[in-house]
Amino acid sequence: MALAPLPPPEAALLVALGAVPGAWLRFWLVNQLEPRLPRRHWGTFAVNLAACFGLGLLIAAGHHERGRAASALPLLLGTGFLGSLSTFSTLAAELEASLRQGERRQALGLALGSLLGGLLALLAGRGLGGWLG
Amino acid sequence: MTPSSRREGSQGKSPPPRPEELLLVALGAVPGALLRWLLQADPLANVLGCLVIGIVSVSKPARPRAMLLVGIGFCGSLTTFSGWILALESALGRGSMSGVALLLLELVAGVLAVLTGRGLAGRLARCRPRLRR
């Protein structure tokens with residue numbers, strides 16, 4: 001927190017440096033998880049929850065800041081890595097696909113599960129982070 | 001949905017990602033995350049990403065490279081689920097029911113944006129059928 005805000009070129013570089021492994025991890029994990037899970041949508045669900053847990057840890061560690069001129073760690077880990085690890089567009093696309101195929105209960109389960117699971121994962125990460133000091 | 005329209009190779013273990021796939025995901029993830037950071041407006045980034053993923057999700061024949069670059073890389077990193085959950089948690093913490101309602105509406109808007117993107121892609125494909133490989 002004591003770090004000064006970074007000027008934009010360095011800040012952009014940090015966001016990009018965090019985004020690439022975040023997107024790679026999401027791609028790899030979804031590919032690994034989907035064949036093992038009964039329904040394909042739960043791979044993205046799991047990755048999204050993991051990102052919420054990570055965000056909770058980051059907040060507990062005092063390294064979460066928003067804004068274009070945040071300091072280095074929030075930009076790299078928060079905006080870059082965790083922002084790219086989690087995805088809203090795939091969730092929406094999976095909800096749309098479920099609804100289009102008439103699987104309303106699956107869509108509702110995915111929406112509510114993501115919402116409640118995401119909140120719980122965030123709180124769990126923050127709680128664990130706080131407990132670890 | 002027929003079983004064959006599920007991801008290919010969903011039986012057993014997934015092969016590790018190929019370098020070409022990782023490159024495409026990274027090339028999409030960097031501009032996606034940078035755009036989200038520059039916009040400083042997650043709802044806008046999320047709905048925009050949903051629109052774009054809707055467009056790429058309908059390409060027929062399926063174009064896996066476009067999906068890796070634009071869908072998994074760009075849209076996945078442009079949109080953020082962890083940011084959405086954090087906004088939801090802080091709206092709940094403030095007791096702001098209008099804030100919660102707006103965030104729930106964001107998910108509905110995302111699903112509608114996917115639908116709109118699919119519609120747009122269908123129109124584009126009809127306008128220039130010869131351009132598709």
Side-chain angles (χ1 to χ4, degrees), chain A residues 11-12 15-16 18-24 26-28 30-32 34-36 40 44 47-49 51-56 59 64 66-68 75 78-80 82-93 95-97 99-101 103 107 111 114-115 117-119 121-123 126, chain B residues 1 6-7 9-17 21-22 25-26 28-34 36-38 40 42 45-54 57 68 71-73 75-86 88-89 92 104 106-107 109-115 117-118:
Chain A
V15 171
V20 170
W24 279 347
R26 169 165 43 80
F27 174 52
W28 181 77
V30 170
N31 276 350
Q32 291 297 309
E34 285 197 341
R36 289 158 211 236
R40 60 171 298 184
T44 301
V47 169
N48 275 343
L49 259 57
C52 290
F53 183 80
L55 185 58
I59 292 169
H64 183 260
R66 297 197 53 107
R68 261 182 234 187
L75 286 169
T79 306
L82 294 172
S84 287
L85 176 63
S86 75
T87 174
F88 192 82
S89 53
T90 303
L91 171 64
L95 290 173
E96 191 272 337
L99 290 172
R100 183 156 33 82
Q101 289 150 22
E103 299 186 41
S114 297
L115 201 153
L119 284 171
L122 179 75
L123 295 177
R126 208 163 56 186
Chain B
M1 184 182 219
R6 294 181 67 142
R7 162 202 299 284
S10 66
Q11 291 86 15
K13 262 182 86 175
S14 302
E21 294 178 320
L22 291 176
V25 171
V30 168
L34 288 176
R36 171 164 45 77
W37 172 61
L38 288 172
Q40 292 291 314
D42 285 356
N46 278 346
V47 175
L48 185 66
C50 291
L51 182 75
V52 176
I53 211 168
S57 71
L68 286 169
I72 298 175
C75 297
S77 289
L78 171 62
T79 65
T80 173
F81 177 81
S82 51
W84 182 70
I85 287 291
L86 180 62
L88 200 60
E89 194 266 343
L92 285 168
L104 294 180
E106 187 179 326
L107 187 60
V111 173
L112 291 176
V114 173
L115 200 65
R118 291 181 64 89

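Just so it is clear: chains get the letters A, B, ... in the order the sequence lines come, proteins before strands, and each one is counted from 1.
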Next item on the list: Could you pull out the closest heavy-atom pair between B/Leu107 and A/Ala111, with the gap in Å?
Entry: CD2-CB, 4.3 Å

Next item on the list: Sort A/Leu123 into side chain, backbone, both or neither according to what part of it lies under 4.5 angstrom from a heavy atom of chain B.
Entry: side chain

Notebook entry, point to check: Among B/Leu48, B/Val52, B/Val47, B/Leu88, who wins on heavy-atom pairs under 4.5 Å with chain A?
Noted result: B/Leu88

Item checked: Shortest non-hydrogen contact between A/Ala19 and B/Ala33, atoms and distance -> CB-CB, 3.4 Å

Notebook entry, point to check: Which distance, rounded to the nearest 0.5 Å, do you find between the OG of A/Ser114 and the CD1 of B/Ile85?
Noted result: 7.5 Å

Item checked: Heavy-atom pair with the smallest gap, counting every atom of B/Ala26 and A/Val20 -> CB-CG1, 3.8 Å

Check: Quick check: does any side chain N or O of B/Thr79 sit under 3.5 Å from a backbone N or O of A/Phe88, one acting as donor and the other as acceptor?
Finding: yes

Next item on the list: Please flag which part of B/Leu112 lies under 4.5 Å from any non-hydrogen atom of chain A: side chain, backbone, both or neither.
Entry: neither

Check: Any side-chain heavy atom of A/Glu96 sitting closer than 4.5 Å to one from B/Ser57?
Finding: no

Note to self: Determine whether B/Leu86 and A/Ile59 satisfy the following criterion, side chain to side chain contact (heavy atoms under 4.5 Å, CB included), listing intermediate values before the conclusion.
What the structure shows: CA-CA 10 Å; B/Leu86 180 62; A/Ile59 292 169; 3.5 Å; yes

Check: In terms of heavy-atom pairs under 4.5 Å with chain A, which of B/Leu34, B/Leu115, B/Thr80 leads?
Finding: B/Thr80

Margin query: Measuring from atom CZ of A/Arg100 to atom CZ of B/Arg118, what distance do you get when rounded to the nearest 0.5 angstrom?
Written below: 3.5 Å

Check: Quick check: does any side chain N or O of B/Arg36 sit under 3.5 Å from a backbone N or O of A/Thr79, one acting as donor and the other as acceptor?
Finding: yes

Check: Can you tell which of B/Leu92, B/Val25, B/Asn46, B/Leu51 has the highest number of heavy-atom pairs within less than 4.5 Å of chain A?
Finding: B/Asn46

Note to self: Between A/Ala23, A/Gly56, A/Gly83, A/Gly78, who has the most heavy-atom pairs with chain B when the cutoff is under 4.5 Å?
What the structure shows: A/Gly83

Check: Hey, what do you get for CD1 (B/Ile72) to OG (A/Ser84), rounding to the nearest 0.5 Å?
Finding: 13.0 Å

Next item on the list: Can you measure from OG1 (A/Thr90) to CD1 (B/Ile53) and round to the nearest 0.5 angstrom?
Entry: 4.0 Å

Note to self: Between A/Leu95, A/Leu55, A/Asn48, who has the most heavy-atom pairs with chain B when the cutoff is under 4.5 Å?
What the structure shows: A/Asn48

Checklist line | Shortest non-hydrogen separation from A/Phe27 to B/Leu22 and the atoms involved | finding: CD2-CD2, 4.1 Å

Margin query: Under a 3.5 Å distance rule, please check whether A/Ser86 uses its side chain to pair with a backbone N or O of B/Phe81 as donor and acceptor.
Written below: yes

Notebook entry, point to check: Is it the side chain or the backbone of A/Leu122 that comes within 4.5 Å of chain B heavy atoms, both, or neither?
Noted result: side chain

Check: Side chain, backbone, both or neither: which part of B/Leu68 has an atom under 4.5 Å from a heavy atom of chain A?
Finding: side chain

Check: Where do B/Cys50 and A/Ala92 come nearest, in terms of heavy atoms and distance?
Finding: SG-CB, 3.5 Å

Check: Which distance, rounded to the nearest 0.5 Å, do you find between the OG1 of A/Thr87 and the CG of B/Leu78?
Finding: 9.0 Å

